[in-house]
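Residue numbering restarts at 1 for every chain, and letters A, B, ... go by the order of the sequence lines.
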Amino acid sequence: MARHKSGHPALRKLTAEFYARPAEKLAEELIGKILVRKWRADDGKTVEHRARIIETEAYVGEHDLACHAAKGRTARTEIMFGPAGFAYVYFIYGMYDMLNIVSGKVGDAEAVLIRGAVPVDGSTLDLSGPGKLTRAMHITRRDNGADLTGDDLFIVDDGAAKPVIVRTPRIGVDYAKQWKDEPLRFIDADFHRVRGSVPRFDISAQFGKVPP
DNA sequence: ATGTCGATTTAC
DNA sequence: TAAATCGACATC
């Protein structure tokens, strides 16, 4: 692992080549990586967020009945058919924006939904859910099509050890026939907890105690 | 032109 | 358990 003179591990921005793998693989690989978001506030100041990804889901193509691309190539899904390493951000439930990373080969409509993260920038943002994550990090439909090799929205590998990963079926896709049970959701085991049927995050591994 | 429904979150 | 809230998509 390359290191800076400071002794800190090098921060490597993920490349288009990195994203150009099957969504199922990318979803697992993105657990533990650092999502970086920079945006310009009204007063002109640049705000930066950094958060470790702890939950993802893979949407694996047109044959995946839970994938938006199962409805074919439309204005909305077009981005997923293109090259990997671009953001697919869509609006849902009249309220929330969902962040996905396009993956796989051109022509294969695959993407990875970013469902949860924990701040590593000293903030106390609640990023425990795909809608809450985008709202907190100011990611919206305006970011649809954003190039993840750019400077406003990208992911870095901080060289941390690969986390232990838990796989489960995806959330909220009960309509997807046989695809609803496919284990395409990936969670950092240190943050996995089930309270009833609602996914929650256990931060005890990081802070030494269970939240209320 | 109109109706259905959702890759969620929050409140009751 | 249900409301909020609106764009995408299917259908007429």
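Just one of A/E57, A/E24, A/E182 meets the salt bridge (charged side-chain N to carboxylate O under 4.0 Å, His left out) condition when paired with A/R167; it is A/E24. Residue A/R52 is tested with A/D188, A/D158, A/D190 for a salt bridge (charged side-chain N to carboxylate O under 4.0 Å, His left out); the sole match is A/D158.
Ring geometry for A/W179 versus A/H63: interplanar angle over 60°, hence perpendicular rather than tilted (30 to 60°). Ring planes of A/Y88 and A/H68: perpendicular class, angle over 60° (limits at 30 and 60°).
Residues A/M98 and A/I139 fail the side-chain proximity criterion, which asks for heavy atoms closer than 4.5 Å. Proximity of A/V156 to A/K33: side-chain heavy atoms (C-beta onward) are nowhere separated by under 4.5 Å. A/L127 has its side chain out of reach of A/K132: every pair of non-hydrogen atoms, C-beta onward, lies at least 4.5 Å apart. Side-chain contact between A/V102 and A/L148 is absent, with no heavy-atom pair separated by less than 4.5 Å.
When all heavy atoms are compared, the tightest approach of A/K162 to A/E28 is NZ-OE2, 3.3 Å. The two residues A/L26 and A/I101 make their nearest non-hydrogen contact at CD2-CG2, 4.4 Å.
A/L113 places its CG atom 16 Å from the P atom of B/dG6, with the value rounded to the nearest Å. One atom, CD1 of A/I79, and another, C1' of C/dA8, lie 17 Å apart when rounded to the nearest Å. A straight line from CD of A/E55 to C1' of B/dA7 spans 11 Å, rounded to a whole angstrom.
Close to B/dT8, at under 4.0 Å from its OP1 or OP2, lies a side-chain N or O of A/R115. Contact annotation: A/K180 does not reach the phosphate of B/dA7 (side-chain N/O to OP1 or OP2, under 4.0 Å).
Judged by the 6.0 Å distance and 45° axis criteria, A/R170 is positioned over the aromatic ring of A/Y59. Remark: A/R21 fails to qualify as a cation-pi partner of A/Y19 under the 6.0 Å distance and 45° angle criteria applied to the six-membered ring.
Between A/R185 and A/E55, at least one side-chain nitrogen of the basic residue sits less than 4.0 Å from a carboxylate oxygen of the acidic one, meeting the salt-bridge criterion. A/D143 has a carboxylate O that lies under 4.0 Å from a charged side-chain N of A/R37, or vice versa, which qualifies the two as a salt bridge.
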List every contact pair, protein side and nucleotides 9-12 of chain C side both N or O, where the distance is under 3.5 Å.
unit_1 : atom_1 : unit_2 : atom_2 : d
C/dC9  : OP1    : A/T74  : OG1    : 2.7

Pairs under 3.5 angstrom, nitrogen or oxygen only, protein versus nucleotides 1-5 of chain B, please.
none

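On the P atoms, B/dT2 is 23 Å away from C/dT5, given to the nearest whole Å.
Each side-chain hydrogen bond (donor to acceptor under 3.5 Å, both in side chains) pair with one or both residues in residues 92-110 of chain A, not counting sequence neighbours, appears once here: A/D97-A/R141.
Pairing analysis of DNA chain C (Watson-Crick: purine N1 to pyrimidine N3 plus N6-O4 or O6-N4; G-U wobble: N1-O2 and O6-N3; both under 3.5 Å) yields stems of 3 or more pairs at B:1-6 with C:6-11, B:8-11 with C:1-4.
Put simply, CD1 on A/I53 and CZ on A/R115 are 13.5 Å apart, with the number rounded to the nearest 0.5 Å.
Applying a 4.0 Å cut-off to non-hydrogen atoms, the residues of residues 86-93 of chain A that approach DNA chain C are A/F91, A/Y93, listed by residue number. Within a heavy-atom distance below 4.0 Å of DNA chain B, the residues of residues 94-103 of chain A found are A/G94, A/Y96, A/M98, A/N100.
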